[in-house]
Asker: 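What follows is a structure written as C-alpha cells; I'll ask about it next.
Starting from 1, each residue takes its place in the sequence as its number. Just so it is clear, the model here is predicted, and its values are computed rather than measured. Quick note: numbers below take in every heavy atom, side chains included, and nothing from hydrogens, waters or symmetry partners.
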Amino acid sequence: MNKPTNIALPPSREEAMHAVKTLLDWAGDDHTRPGLQDTPQRVVDAYREWFSGYLESPEEYLTRTFDDVDGYQDVVLVKDIPFTSFCEHHLAPIIGTAHVAYLPSDRVVGLSKLARLVRTFARRLQVQERMTAQIASTLQDVLNPEGVAVLIKAEHHCMSTRGVHVHGTETITTEMTGAFRDDPDTRNRFFELLKH
Ligand SMILES: [Zn+2]
C-alpha cells in the first residue's frame, strides 16, 4: 500500500546526491562552494530517515498481540503521537499529532506499536486524508478489533511557507471503523477521552 512499484530498481546513492546538486544549482546557488560540499550526502541521509516508512511493514509488528488483559473491554486510546511527514505535492513538511484508538475484541497490541504505526505511514510521502485512512484500515485489518478511530491534526508547510502563506492553520481529519463509525456512544467516548 502506497509503495512505489519500481522499488526493485531504486537509484543509487550517487545518483540521489547528483539530483541534490542539480536542485542546489537550480535554486541559484553553486553546489561546488565549500559550504555546500557535504550537503548532498546530508540530504540523502535525511531522506533515508524521513522516508524510512517505505522500508517498514506494519503488518509485521502489529501481529504480535496479547490476549492476557483480564477481560479489559473498553476503548484503548494513545493520544498526542507527534509525527513529521511530507506532502507528496511539494515535499514540504506536514507536522502534527495523531490520536489512535481501538475497541479490543479479544486481543490487544503493545501501545508503542500504535505510535510506530503512525510513524511508518508518516515516513512516506503523504496527503493527510490518506495517511488517516491507512492508519485506521491497517489497524482494523491486522488486529481485527471491534473498531478503530483515528484523528490527525497537522500544519502543512506547503500552505504556510509558500502559496497562500497562511500560518498557524490546522487541518483535522478523522477516520472511524466498526463501532466508532456505527455506534454514537462509542464515538462519543472517543471524543470525550480526547478532551482529558
Ligand atoms: Zn503540499
Side-chain angles (χ1 to χ4, degrees), residues 1-62 78 80-100 112-139 141-142 150-175:
M1 51 177 67
N2 192 26
K3 287 192 177 187
T5 50
N6 64 342
I7 204 153
L9 198 62
S12 69
R13 184 178 166 84
E14 280 64 37
E15 286 173 310
M17 285 168 56
H18 183 77
V20 174
K21 290 174 189 171
T22 302
L23 281 174
L24 287 170
D25 292 344
W26 192 83
D29 215 309
D30 171 7
H31 80 267
T32 64
R33 73 176 169 85
L36 294 179
Q37 199 175 352
D38 296 328
T39 298
Q41 77 183 51
R42 287 196 202 98
V43 172
V44 168
D45 288 342
Y47 262 51
R48 193 69 293 156
E49 185 175 338
W50 288 335
F51 301 113
S52 59
Y54 290 114
L55 307 175
E56 294 185 2
S57 175
E59 290 81 359
E60 278 170 25
Y61 53 77
L62 286 177
V78 178
D80 299 321
I81 303 166
F83 71 85
T84 300
S85 188
F86 290 84
C87 85
E88 68 182 25
H89 302 132
H90 304 92
L91 305 185
I94 304 170
I95 296 176
T97 52
H99 313 291
V100 179
S112 68
K113 299 299 187 298
L114 299 182
R116 191 168 169 198
L117 177 64
V118 170
R119 196 182 63 186
T120 295
F121 284 115
R123 290 184 171 185
R124 299 178 185 181
L125 288 172
Q126 282 294 4
V127 294
Q128 185 176 328
E129 296 88 336
R130 185 178 60 219
M131 179 176 154
T132 310
Q134 284 175 331
I135 293 166
S137 67
T138 303
L139 189 57
D141 292 348
V142 181
V150 178
L151 187 148
I152 291 180
K153 279 187 209 178
E155 181 173 6
H156 291 244
H157 285 226
C158 59
M159 275 175 68
S160 57
T161 65
R162 56 161 294 287
V164 291
H165 290 272
V166 181
H167 288 269
T169 55
E170 274 187 332
T171 302
I172 298 179
T173 48
T174 62
E175 180 81 9

Asker: Could you tell me if the side chain of His156 sits less than 4.5 Å from the side chain of Thr169, heavy atoms only?
Answerer: no
Asker: Mind checking the CD1-OG1 spacing from Ile95 to Thr84? Nearest 0.5 Å is all I need.
Answerer: 5.0 Å
Asker: Can you name the side-chain contact (heavy atoms from CB on, under 4.5 Å) partners of Thr97, sequence neighbours left out?
Answerer: His99, Lys153
Asker: Say you draw a straight line from CZ of Phe83 to CG of Leu117; how long is it, rounded to the nearest 0.5 Å?
Answerer: 12.5 Å
Asker: Could you pull out the closest heavy-atom pair between Pro58 and Thr120, with the gap in Å?
Answerer: CG-CG2, 3.9 Å
Asker: Going by side-chain contact (heavy atoms from CB on, under 4.5 Å), name the residues that satisfy it together with His18, two or more places apart in sequence or in a different chain.
Answerer: Thr22
Asker: Among all residues two or more places apart in sequence or in another chain, which pass the side-chain hydrogen bond (donor to acceptor under 3.5 Å, both in side chains) test with Thr173?
Answerer: Gln128, Thr132
Asker: Hey, what do you get for CE (Met131) to CD1 (Ile135), rounding to the nearest 0.5 Å?
Answerer: 4.0 Å
Asker: Determine, using ring centers only, whether Phe86 and Phe51 are less than 6.0 Å apart.
Answerer: yes
Asker: Without swapping roles, check the side chain of Arg123 against the backbone of Ser52 for a donor-acceptor pair under 3.5 Å.
Answerer: no
Asker: Counting only N and O atoms by type, is there a donor-acceptor contact under 3.5 Å from the side chain of Arg119 to the main-chain atoms of Ala115?
Answerer: no
Asker: Roughly how far, to the nearest 0.5 Å, is the CD atom of Gln37 from the NE2 atom of His31?
Answerer: 10.0 Å
Asker: Is it the case that atom CZ in Arg13 sees more than 12 heavy atoms from other parts of the structure closer than 6.0 Å?
Answerer: yes
Asker: Over all heavy atoms of both residues, which pair between Glu155 and Gly168 is shortest? Give the atoms and the distance, please.
Answerer: OE2-N, 3.3 Å
Asker: Yes or no on side chain to side chain contact (heavy atoms under 4.5 Å, CB included) for Val127 and His89, after CA distance, side-chain angles and deciding distance?
Answerer: CA-CA 8 Å; Val127 294; His89 302 132; 3.6 Å; yes
Asker: Distance-only, no hydrogens or angles: does the Ser160 side chain make a donor-acceptor pair with backbone N or O of His167 under 3.5 Å?
Answerer: no
Asker: Is there a donor-acceptor contact under 3.5 Å from the side chain of Gln126 to the main chain of Phe121?
Answerer: yes
Asker: Kindly compute the distance separating OH (Tyr61) from CG (Leu114), expressed to the nearest 0.5 Å.
Answerer: 9.5 Å
Asker: Check side-chain contact (heavy atoms from CB on, under 4.5 Å) between Thr39 and all other residues, then give those that pass, not counting sequence neighbours.
Answerer: Leu24, Leu36, Arg42, Val43
Asker: Please confirm whether the backbone N or O of Ala16 pairs with a side-chain atom of Tyr47, one donor and one acceptor, at under 3.5 Å?
Answerer: no
Asker: Could you list the residues that satisfy salt bridge (Lys or Arg N to Asp or Glu O under 4.0 Å) with Arg33, not counting sequence neighbours?
Answerer: Asp29
Asker: Can you check whether Glu175 reaches Gln134 side chain to side chain, under 4.5 Å on heavy atoms?
Answerer: no
Asker: With a 4.0 Å cut-off on N to O distance, would you call Arg130 and Glu88 a salt bridge?
Answerer: yes
Asker: For side chain to side chain contact (heavy atoms under 4.5 Å, CB included), just list the numbers for Thr171 and Glu129, CA-CA rounded to whole Å, side-chain angles, deciding distance to a tenth of an Å, and then say yes or no.
Answerer: CA-CA 10 Å; Thr171 302; Glu129 296 88 336; 5.8 Å; no
Asker: Who pairs with Glu60 by side-chain contact (heavy atoms from CB on, under 4.5 Å), at least two apart in sequence or on another chain?
Answerer: Ser57
Asker: Closest heavy-atom contact between Cys158 and Cys87?
Answerer: SG-SG, 3.9 Å
